[in-house]
Amino acid sequence: MSTDQPPPGQQPDDDPFRKKDQGPTPPPGGPPPGAGQPGGTPPPGGPPPPGGGGPYGSPPPGSPYGGTGGTPPPPPYDTGAYGGDPYGQPDPLHGMPPLADSARRIVARLIDWLIVVIPLAFIAIPFGTYDTSRVDDFGDWVNQYNSGSSWIYQIITILAFVLYDALMVKQSGQTLGKKLMKMRVAMLNDGSTPDFGSSLVRSAVLWLPALLCCPCVWLLILLIMILVDKPYKQGLHDKAAKTVVVSTTQ
């Protein structure tokens, strides 16, 4: 054992193993910073760290991280400490009403569809949109209604559905169907009523594909999305506008 090392607990000012405040890092190949200090790696040939154990020894008495007489170690990271998001982001639904029931959303949508389609059925008569001689069942009627035989009537149909939904959601977050079913549309980030831009985007994504090309397929896709989406029950129109549908008391 070398006799050149200072006794434990005594370190001269020129001790090369002592960590210098604001000093440069020892050159490569040299001993790690802090060696020889309490809790650090002892110098070569020096006594083993007190308490045994790993290369860094046990915490000294009174240490905040354990040891005899010390306080308990800090608790593990709490993933729910910031609203349930492990990255520290608040839960967007914190403080908001519960999400609306999916079945009630479907009923509300059917009510809104009837509110718009019944007046359009009367408006369609002057345009000759429906040829009753070729309508054998309700399915044929729906196909003729969605395709339209007049481009003017088609534009009226699109404007009626899109603007009905957009204007009413912008006004109070509720269409007539949603009001009857006690629910409303809210912005996901703060629960506020959507502005006209968000309402228009939501309504356009909801209705344009259904009115222009594939009504049954598109509406089925939206329905499946609402039923399976976690955790916000968002259809594609909700995701596009960053909205959710929540329950209300009126």
Side-chain angles (χ1 to χ4, degrees), residues 83-85 89-121 138-139 141-143 145-147 154 156-250:
D85 191 308
Q89 299 299 322
D91 183 0
L93 294 181
H94 179 70
M96 290 175 62
L99 294 172
D101 180 72
S102 299
R104 289 166 57 203
R105 290 184 66 175
I106 296 172
V107 174
R109 183 59 62 199
L110 290 174
I111 293 172
D112 289 329
W113 184 81
L114 290 173
I115 288 172
V116 178
V117 79
I118 290 175
L120 284 175
F138 182 76
W141 187 89
V142 172
N143 291 333
Y145 166 76
N146 285 298
S147 62
Q154 187 74 359
I156 294 173
T157 301
I158 291 172
L159 291 176
F161 275 99
V162 172
L163 292 180
Y164 165 80
D165 212 283
L167 292 174
M168 297 208 70
V169 168
K170 181 261 180 186
Q171 181 68 26
S172 61
Q174 294 177 302
T175 59
L176 294 178
K178 286 182 171 59
K179 190 173 183 65
L180 290 173
M181 291 292 105
K182 299 186 183 303
M183 63 183 71
R184 73 177 181 92
V185 180
M187 296 302 297
L188 177 60
N189 61 341
D190 58 8
S192 63
T193 299
D195 58 18
F196 182 70
S198 298
S199 301
L200 186 61
V201 168
R202 186 178 189 276
S203 183
V205 174
L206 171 64
W207 289 117
L208 285 181
L211 296 172
L212 294 176
C213 63
C214 44
C216 295
V217 173
W218 184 248
L219 295 177
L220 181 60
I221 290 173
L222 295 180
L223 175 60
I224 293 174
M225 283 290 298
I226 291 171
L227 293 175
V228 303
D229 182 69
K230 303 293 183 181
Y232 303 129
K233 298 183 180 179
Q234 290 176 301
L236 293 176
H237 54 308
D238 289 311
K239 291 185 180 296
K242 298 179 175 62
T243 59
V244 289
V245 180
V246 297
S247 300
T248 64
T249 57
Q250 58 183 4

Tell me whether [X] is salt-bridged to [Y], with the criterion being a basic N under 4.0 Å from an acidic carboxylate O.
| X | Y | answer |
| --- | --- | --- |
| D165 | K178 | no |
| K239 | D229 | yes |
| K242 | D190 | no |

Checklist entry - Counting heavy atoms not belonging to K170, are there more than 12 under 6.0 Å from its NZ? => result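 Open.
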Checklist entry - What's the verdict on side-chain contact (heavy atoms from CB on, under 4.5 Å) for W218 and V205, showing C-alpha distance, side-chain angles and the deciding distance? => result CA-CA 10 Å; W218 184 248; V205 174; 4.1 Å; yes
Item to check | Heavy-atom donor-acceptor pair, W207 side chain to R202 backbone, under 3.5 Å | outcome: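 Not confirmed, W207 side chain does not pair with R202 backbone.
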Next on the checklist: Using only atom types and a distance under 3.5 Å, with no angle test, would you say the side chain of R104 pairs donor to acceptor with the backbone of M181?
Outcome noted: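 Yes, the answer is positive, given that a donor and an acceptor are paired below the 3.5 Å cut-off.
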Working to the nearest 0.5 Å, report the span between [atom1] of [X] and [atom2] of [Y].
| X | Y | atom1 | atom2 | answer |
| --- | --- | --- | --- | --- |
| L120 | I156 | CG | CD1 | 8.0 Å |
| M183 | R105 | CE | CZ | 7.5 Å |
| T175 | W113 | OG1 | CH2 | 15.0 Å |
| L167 | F196 | CG | CZ | 5.5 Å |
| L200 | D195 | CG | CG | 10.0 Å |
| Q171 | Q174 | CD | CD | 11.0 Å |

Side chains of [X] and [Y], heavy atoms from C-beta outward: is any pair under 4.5 Å?
| X | Y | value |
| --- | --- | --- |
| L208 | F161 | no |
| L176 | L180 | no |
| L222 | L206 | yes |
| Q234 | V244 | yes |
| L212 | Q154 | yes |

Where is the tightest heavy-atom contact between [X] and [Y], given as atom of each residue plus distance?
| X | Y | value |
| --- | --- | --- |
| P119 | V116 | CD-O, 3.3 Å |
| G235 | M225 | CA-CB, 3.9 Å |
| V162 | S203 | O-OG, 2.7 Å |
| S102 | I226 | OG-CG2, 3.9 Å |
| A204 | P209 | O-CD, 3.7 Å |
| P215 | A210 | CB-O, 3.3 Å |

Checklist entry - For residues D112 and Y164, is any side-chain donor paired with an opposing acceptor at under 3.5 Å? => result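 A pair is found: one side chain offers a donor N or O, the other an acceptor, under 3.5 Å apart.
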Item to check | Chi angles and distances behind the side-chain contact (heavy atoms from CB on, under 4.5 Å) call for L236, I221 | outcome: CA-CA 8 Å; L236 293 176; I221 290 173; 4.0 Å; yes
